[in-house]
Amino acid sequence: MKEPKYRRIVLKLSGEALAGSQGFGIDQDILHSIAQQVKEVNELQVQVAIVVGGGNIWRGVAGSSKGMDRATADYMGMLATVMNSLALQDALEQQGVHTRVQTAIEMRQIAEPYIRRRAIRHLEKRRVVIFAAGTGNPYFSTDTAAALRAAEIEAEVILMAKRVDGVYDSDPVKNPDAKRFNDLGYIEVLNKGLGVMDATATSLCMDNSIPLIVFNLNEKGNILKVVLGEKIGTFVGRDA
């Protein structure tokens, strides 16, 4: 097998991806598939950190749009990410992959508090680290959390696992003629409002020169392909 192109990665999973076709909650088959794919990458001595969203359980923006206090709605969303993180940890541990969950909001009975040096040490020991509860602050998305943690742990790339096979100029579900981009620059993403990740997260990646690769999570083996450097999905970076 080829040598991995990346040695330390942040894998960003949306909460919706965990729900699968049921649209809500956690699809155990998808969870098992993700755990298997992460195990394959971990066995190549690649250090894997994961940030997972919570949209399959609760979306803070949706709650605030119906009159709920925005900060309260966002904190509820952070708790949803913790639930997803614990489910993912359990699936990985069943595969024999040593895993740690670190939360931005302290809850000692179920997870470690986020400590940057401890997270890096776990990665060096080939433990998968799952960062839960976003940044710990309302008004910031889990995309921003992924960008922030990637910068803090000096990850080489953020892998954006989606339900589509890259970034399009319009919604490919609604528009069959939507064009897929192979490569993009950070400024293009911001100027065109392409929705790869929110503007705060994109700017953070740009400021720290962290490339993004957007790819289809539903095709088994894609995480490994990206880590090995195969050209799939859409690459976002300065060299685009």
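In this text, all values refer to a predicted model and were calculated from it rather than measured experimentally. Every heavy atom of this structure was used, including side-chain atoms; hydrogens, water molecules and symmetry mates were not.
Note that CD1 of I57 and CG of N84 are 4.0 Å apart. Values are rounded to the nearest 0.5 Å. Of the inter-residue distances, the one linking N222 atom CG with K162 atom NZ reads 15.0 Å to the nearest 0.5 angstrom. Note that CG of L11 is 11.5 Å distant from CD1 of I213, once rounded to the nearest 0.5 Å. For the atom pair L190 CG and K192 NZ, the distance stands at 12.0 Å (nearest 0.5 Å).
No option in V41, V101, N42 other than N42 meets the side chain to side chain contact (heavy atoms under 4.5 Å, CB included) test with V128.
For K225, there are no salt bridge (Lys or Arg N to Asp or Glu O under 4.0 Å) partners at least two apart in sequence or on another chain. Looking at residues two or more places apart in sequence or on another chain, you find no side chain to side chain donor-acceptor pair (under 3.5 Å) involving S65. Every salt bridge (Lys or Arg N to Asp or Glu O under 4.0 Å) that R100 has, sequence neighbours left out, goes to E112. With sequence neighbours left out, R163 forms a side chain to side chain donor-acceptor pair (under 3.5 Å) with no residue at all. Looking at residues two or more places apart in sequence or on another chain, you find a side chain to side chain donor-acceptor pair (under 3.5 Å) between Q94 and D90.
No salt bridge links E40 with K220; every basic N to acidic carboxylate O contact stays at or beyond 4.0 Å.
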Using a 3.5 Å cut-off and no angle test, enumerate the donor-acceptor pairs between side-chain atoms of residues 167-177 and protein atoms at least two apart in sequence or in another chain.
{"unit_1": "Y168", "atom_1": "OH", "unit_2": "D165", "atom_2": "OD1", "d": "2.5"}
{"unit_1": "D169", "atom_1": "OD1", "unit_2": "K179", "atom_2": "N", "d": "2.8"}
{"unit_1": "S170", "atom_1": "OG", "unit_2": "N175", "atom_2": "ND2", "d": "2.9"}
{"unit_1": "D171", "atom_1": "OD1", "unit_2": "V173", "atom_2": "N", "d": "2.9"}
{"unit_1": "N175", "atom_1": "OD1", "unit_2": "D177", "atom_2": "N", "d": "3.0"}

What pairs of donor and acceptor atoms, side-chain ones from residues 24-32 against any protein atom, are under 3.5 angstrom apart with sequence neighbours left out?
{"unit_1": "D27", "atom_1": "OD1", "unit_2": "D29", "atom_2": "N", "d": "2.9"}
{"unit_1": "D27", "atom_1": "OD1", "unit_2": "I30", "atom_2": "N", "d": "3.3"}
{"unit_1": "H32", "atom_1": "ND1", "unit_2": "Q95", "atom_2": "NE2", "d": "3.3"}
{"unit_1": "H32", "atom_1": "NE2", "unit_2": "Q36", "atom_2": "NE2", "d": "3.4"}

With a cut-off of 3.5 Å and sequence neighbours excluded, list every side-chain donor-acceptor pair involving residues 43-53.
{"unit_1": "Q47", "atom_1": "OE1", "unit_2": "R8", "atom_2": "NE", "d": "2.7"}
{"unit_1": "Q47", "atom_1": "OE1", "unit_2": "R8", "atom_2": "NH2", "d": "2.8"}

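Annotation: ring pair (Phe, Tyr, Trp, His ring centres under 6.0 Å) contacts involving residues 101-133, sequence neighbours excluded, comprise Y114-F131. Among residue pairs with one or both ends in residues 53-110, none qualify as ring pair (Phe, Tyr, Trp, His ring centres under 6.0 Å); sequence neighbours excluded. For residues 132-148, the salt bridge (Lys or Arg N to Asp or Glu O under 4.0 Å) pairs, not counting sequence neighbours, are K12-D143. Sequence neighbours left out, the pairs with a member in residues 200-210 that pass side-chain hydrogen bond (donor to acceptor under 3.5 Å, both in side chains) are S209-R238.
The closest side-chain heavy-atom distance from R70 to D74 is below 4.5 Å. Contact annotation: the side chain of I130 approaches that of L92 to within less than 4.5 Å [non-hydrogen atoms, C-beta and beyond]. Contact check for M107 versus L79: side-chain heavy atoms found under the 4.5 Å cut-off.
Taking each heavy atom of L159 and V227 in turn, the nearest pair found is CD1-CG2, 4.1 Å.
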